[in-house]
K.L.:
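Sending over a structure as structure tokens; questions will come in a sec.
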Amino acid sequence: MTVRVSRTFEFDADPADVWAFISDAGKRAGAISVVDSYEVHDDRNATWHVSLPIPFLDSTVPVETTEIERDPPHRVKFVGKSRALRVTGEHTIEETADGGCRLRNEFVVDGKIPGVEKFFKRNFEKELDNLEAALDADTA
């Protein structure tokens with residue numbers, strides 16, 4: 001089973017400020033509650049150490065993330081791969097008429113271990129709330 005989630009956020013912030021956050025692999029990782037720690041290797045590669053409270057997974061799992069598309073300051077897409085899951089995330093920024101912006105977020109998670117998809121299906125909305133709150137705090 002594949003889990004697909006999308007949500008759009010509206011910000012009164014300058015689109016460049018939203019881009020500065022969403023194009024930073026460390027800031028993206030830091031907003032996700034199941035990411036215990038992370039290392040940013042370069043502009044496009046990072047390792048997220050993910051802890052999922054599911055059976056068959058009793059330790060953190062390194063998820064090697066790579067940006068596969070980048071169109072500054074409008075769009076970034078990344079893929080994360082591990083023994084437990086494969087995740088694709090895409091963020092697209094659109095300027096609004098009032099000087100703010102709209103951020104479209106799309107995620108797809110394919111689990112390789114039983115329970116991964118179920119966990120994300122139950123918790124994705126909370127994780128998106130975390131991302132939105134981190135963006136609000138960063139762009140305030």
K.L.:
More than 12 heavy atoms of other residues, nucleotides or ligands under 6.0 Å from NZ of K27: yes or no?
P.N.:
yes

K.L.:
Starting from the C-alpha separation in whole Å, work towards a yes-or-no answer on side-chain contact (heavy atoms from CB on, under 4.5 Å) for E117 and T2.
P.N.:
CA-CA 7 Å; E117 293 102 342; T2 299; 5.9 Å; no

K.L.:
Within the distance-only criterion (no hydrogens, no angle test), does the side chain of T65 pair as donor or acceptor with the backbone N or O of A46 below 3.5 angstrom?
P.N.:
yes

K.L.:
Checking R104 side chain against E94 main chain: does a donor-acceptor pair fall under 3.5 Å?
P.N.:
no

K.L.:
If you group Ile, Leu, Val, Met, Phe, Trp and Tyr by side-chain heavy-atom gaps below 4.5 Å, do V5 and V79 land in one group?
P.N.:
no

K.L.:
Look at atom CG of D136 and say whether more than 12 heavy atoms of other residues, nucleotides or ligands are closer to it than 6.0 Å.
P.N.:
yes

K.L.:
Among the clusters formed by ILVMFWY side chains lying less than 4.5 Å apart, do F21 and I32 turn up in the same one?
P.N.:
yes

K.L.:
Partners of F119 by ring-ring contact (aromatic ring centres under 6.0 Å, His included), sequence neighbours excluded?
P.N.:
none

K.L.:
Going hydrophobic residue to hydrophobic residue with side-chain gaps under 4.5 angstrom, can you get from L135 over to F124?
P.N.:
yes

K.L.:
What's the spacing between T47 OG1 and Y38 OH if we round to 0.5 Å?
P.N.:
12.5 Å

K.L.:
Please round to the nearest 0.5 Å and tell me the distance separating atom CG of D17 and atom CD1 of I22.
P.N.:
13.0 Å

K.L.:
Could you please spell out the steps behind the side-chain contact (heavy atoms from CB on, under 4.5 Å) verdict for L85 and F120?
P.N.:
CA-CA 11 Å; L85 62 95; F120 280 103; 4.0 Å; yes

K.L.:
Rounded at 0.5 Å granularity, tell me how far CG in L103 sits from CZ in R7.
P.N.:
11.0 Å

K.L.:
Quick check for you: to the nearest 0.5 Å, what is the distance between R44 atom CZ and E67 atom CD?
P.N.:
5.5 Å

K.L.:
Would you say that more than 12 heavy atoms from the other residues, nucleotides or ligands in this model lie under 6.0 Å from the NZ of K112, or not?
P.N.:
yes

K.L.:
Report, as yes or no, whether the 6.0 Å neighbourhood of atom CZ on R4 holds more than 12 heavy atoms from other residues, nucleotides or ligands.
P.N.:
no

K.L.:
Distance check, rounded to the nearest 0.5 Å: H91 atom NE2 versus E69 atom CD?
P.N.:
12.5 Å

K.L.:
Rounded to the nearest 0.5 Å, what's the gap from CD on E64 to NZ on K81? Could you check?
P.N.:
10.5 Å

K.L.:
Of the non-hydrogen atoms in T96 and E10, which two are nearest, and what is the gap between them?
P.N.:
CG2-OE1, 4.0 Å

K.L.:
As a quick check of understanding, evaluate side-chain contact (heavy atoms from CB on, under 4.5 Å) for V61 and L52, giving each step before the final call.
P.N.:
CA-CA 8 Å; V61 176; L52 299 175; over 6 Å; no

K.L.:
Does one hydrophobic cluster hold both V50 and V108, with members joined at side-chain heavy-atom distances below 4.5 Å?
P.N.:
no

K.L.:
Excluding sequence neighbours, so at least two apart, what forms side-chain contact (heavy atoms from CB on, under 4.5 Å) with S59?
P.N.:
R83

K.L.:
Given 3.5 Å as the limit, does a donor-acceptor pair link the side chain of D71 with the main chain of H74, or not?
P.N.:
no

K.L.:
Would one find more than 12 heavy atoms of other residues, nucleotides or ligands at under 6.0 Å from atom CG of D36?
P.N.:
yes

